[in-house]
K.L.:
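Could you have a look at this structure, given as structure tokens, before my questions?
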Amino acid sequence: MSVTIKFCGAAGTVTGSCYWIKTGQLQLLVDCGMFQGSKTVKQLNYDRFPFDPREIDLVLLTHAHTDHAGLLPKLVKHGFSGPIYATAGTRDLLTYMLPDSAYIQGMEVKRVNIRNSQRGASRVAPIYDLGDVDRCLGQIVTVPYDKWLENGPIKVRFWNAGHILGAASVELQIKQEPQEKQPMRLLFSGDIGPDHKAFHPDPDAPVGVDYLFCESTYGERQRTKITIDERRSILADEINKAMDAGGALVIPSFAVERTQELLLDLASLLRAGAVPNTSVFIDSPLAIKITSVFEDHAQALEDLPTDRNFFANTSFHFTESTDESKAIARFTGGIIILAASGMCDAGRIRHHLKNHLWRPQSTILLVGYQAEGTLGRLLMDGVKKVKIQGEEIAVKARIRSLDVYSGHADRGELVDWVKERLPVRHAVFLTHGNAEALSGLETSLKSDKIPAQKIIIPRLDDRYELSGHGFKLVSEAEHPRLEPAALGEPDWHNDLAQFSLDLRSALEASASDNQRIGMLKRLKNALNERRTS
């Protein structure tokens, strides 16, 4: 009996993790994540699934991050009624994360529909609503680490991936035809955490599988190993420089894990007097709720202070209401603001960026992965102007970036993790990375004596047939939902936004109105030629 697997997300890109697996008796998904990045990539979230949700029997969920779990309510909305297997930590995080996702969609769709009405364009609907979220949460079945779960022809076991609370690598065994004595063994890495990460043990997983599916987020990057104390020293230096500049320090921070790590470090630095005793505003209702989940799971976490108040400090101010969030704007300096989202593409962080990007004395500190096409990536790449909610903002603040809080293993750690799984009988599939990361990890694995023919980098929507004797590409995506270049590059929406900013700058820099009129006339002529060609 053969098994087919289709790469419905995180193939040639970092987000949208989703593997569709068909056996002779059932269909299942490993993850059902949301695509993040440019508007072209995010449009995939609104399009139809490349499978029929009504025919999916079950979902195995590696962890709660949006790019792995964010489309589960859409799956339920369109007819999936089976169990979603996940760890208790993942379930508890999703209890807050999925309603927040629905709320953000509702708010953004409301703004879009106002603009569309003004332009005479069609209205749009959110991907899913709170009713879909409630039904989805009701279908989650929790499973412990290291215990086998049987469901018909498959057995499943979850291993601690050391990435975030509840994160798992998923081992899947599929029964073969009677002549095959052993089941087919598949291992999905999920997202692998770095060695010695705060809160979690080092990642673990079984050895000797048939097929290994490994994430490659930082497959091209080798970090300098640092301790938690060294990380705190680096953060202290950034805080002190920001405070010396006289402005605010604005930190776009992912609500899950990143915010909690920062709070742990900030509390330590404040207690030690390593940074000024300044107000720290945690302006993310979701991050506040997620912090309570971490407190509930404290017994399973590492690196926590001995007292129970590990996220408490008199300098911390948790702002939940909209009015409390707006009130932060009265401070122009001497404060630290943590707000979601970490890639600056939604949430309250955009309001704080509008308030501080144009201030030379303010500092924006990026502390997480920034996908292509996101506002965070544009800032990291050094753009001079951006548009936020239709408003043009000059970027005069200091833009800083730290790579000491990553929840992902780097190239060396990924290579070590794969080597510790050997032997892999048939193939290692590399997913969840951009082109550079995938190529970098492929090269590193080859140099570590894994045969080139065993290392596969699938494209979006590629489908493979797996058996106990080997694998083959059944259907290379002749018409993939997006071409590889579109998955990893800024799109025309980014180009249009930058062009409009450049055009305004060029017009303002012109010496006279006649020059400006001439420039606009040439542009109009070019458009007219395009229409008539």
Side-chain angles (χ1 to χ4, degrees), residues 5-19 31 33-45 50 65 67-68 188-192 212-223 343 345 366 368-378 380-383 401 403 406-415 417-418 427-448 450 452-464 473 475-495:
I5 182 166
K6 186 170 183 176
F7 295 85
C8 300
T13 186
V14 175
T15 62
S17 180
C18 185
Y19 304 91
D31 289 343
M34 191 172 280
F35 289 90
Q36 298 167 301
S38 68
K39 287 185 178 180
T40 298
V41 171
K42 289 192 287 188
Q43 179 59 41
L44 293 173
N45 298 320
H65 272 152
D67 61 324
H68 291 257
F188 298 87
S189 70
D191 285 353
I192 299 298
L212 176 61
F213 303 83
C214 182
E215 68 114 329
S216 314
T217 311
Y218 286 128
E220 87 291 10
R221 188 176 306 181
Q222 192 72 37
R223 300 190 198 91
M343 296 185 196
D345 53 355
L366 302 171
Y369 183 84
Q370 307 298 323
E372 285 286 357
T374 61
L375 177 57
R377 183 58 174 262
L378 295 174
M380 190 169 73
D381 288 345
V383 297
S401 178
D403 190 26
S406 178
H408 287 270
D410 65 13
R411 181 184 64 212
E413 290 165 330
L414 287 171
V415 170
W417 187 85
V418 172
V428 177
F429 290 87
L430 302 183
T431 62
H432 205 282
N434 61 27
E436 293 79 13
L438 291 163
S439 177
L441 184 55
E442 178 187 31
T443 300
S444 297
L445 290 174
K446 286 179 184 176
S447 66
D448 273 282
I450 297 177
Q453 65 270 22
K454 278 193 172 185
I455 304 173
I456 310 299
I457 300 178
R459 296 172 59 197
L460 182 67
D461 293 332
D462 278 355
R463 183 163 59 94
Y464 284 79
L473 178 61
S475 173
E476 186 174 12
E478 296 179 5
H479 302 288
R481 285 171 290 159
L482 278 182
E483 292 296 331
L487 288 167
E489 300 291 339
D491 67 357
W492 70 268
H493 298 280
N494 298 117
D495 291 341

K.L.:
When you measure from the side chain of His432 to the backbone of Val14, do you find a donor-acceptor pair of N or O atoms at a distance under 3.5 Å?
P.N.:
yes
K.L.:
Within a strict 4.5 Å, meaning less than it, do heavy atoms of the Thr15 and Met34 side chains meet?
P.N.:
no
K.L.:
Any side-chain donor-acceptor pair under 3.5 Å between Asp191 and His65?
P.N.:
no
K.L.:
For the atom pair CZ (Arg377) and CG (Leu375), what is the distance rounded to the nearest 0.5 Å?
P.N.:
13.0 Å
K.L.:
How many angstroms lie between atom CD1 of Ile450 and atom CD of Glu442, to the nearest 0.5 angstrom?
P.N.:
11.0 Å
K.L.:
I'd like to check Asp410 versus Glu413 (side-chain heavy atoms, cut-off strictly below 4.5 Å). Are they in contact?
P.N.:
yes
K.L.:
Just checking Lys39: does its NZ atom have more than 12 heavy atoms from other residues, nucleotides or ligands closer to it than 6.0 angstrom?
P.N.:
no
K.L.:
Using modelled atom types and a 3.5 Å cut-off, is there a donor and acceptor pairing between side-chain atoms of Glu220 and backbone atoms of Ser439?
P.N.:
no
K.L.:
CZ of Phe429 to CD1 of Ile457: how many Å apart, nearest 0.5 Å?
P.N.:
11.5 Å
K.L.:
Considering only heavy atoms from C-beta outward, does the side chain of Phe213 approach that of Ile5 to under 4.5 Å?
P.N.:
yes
K.L.:
A side-chain contact here means heavy atoms from C-beta on lying under 4.5 Å apart; do Leu441 and Val418 qualify?
P.N.:
no
K.L.:
Taking Thr431's backbone N and O only, do any of them form a donor-acceptor pair with Ser216's side chain (distance below 3.5 Å, no angle check)?
P.N.:
yes
K.L.:
CD/Gln43 to CZ/Arg481 distance, rounded to the nearest 0.5 angstrom?
P.N.:
11.5 Å
K.L.:
Please check this pair: side chain of Asp462 against backbone of Leu473, looking for a donor-acceptor N/O pair closer than 3.5 Å.
P.N.:
no
K.L.:
Hey, are the side chains of Thr374 and Tyr369 touching, using non-hydrogen atoms and a 4.5 Å cut-off?
P.N.:
no
K.L.:
So, the side chain of Arg221 versus the backbone of Ala437: is there a donor-acceptor pair under 3.5 Å, distance only?
P.N.:
no
K.L.:
Working to the nearest 0.5 Å, report the span between CD1 of Ile456 and CG of Leu430.
P.N.:
8.5 Å
K.L.:
Quick check against the 3.5 Å criterion: does Glu215 have a side-chain atom that pairs as donor or acceptor with the backbone of Ile192?
P.N.:
yes
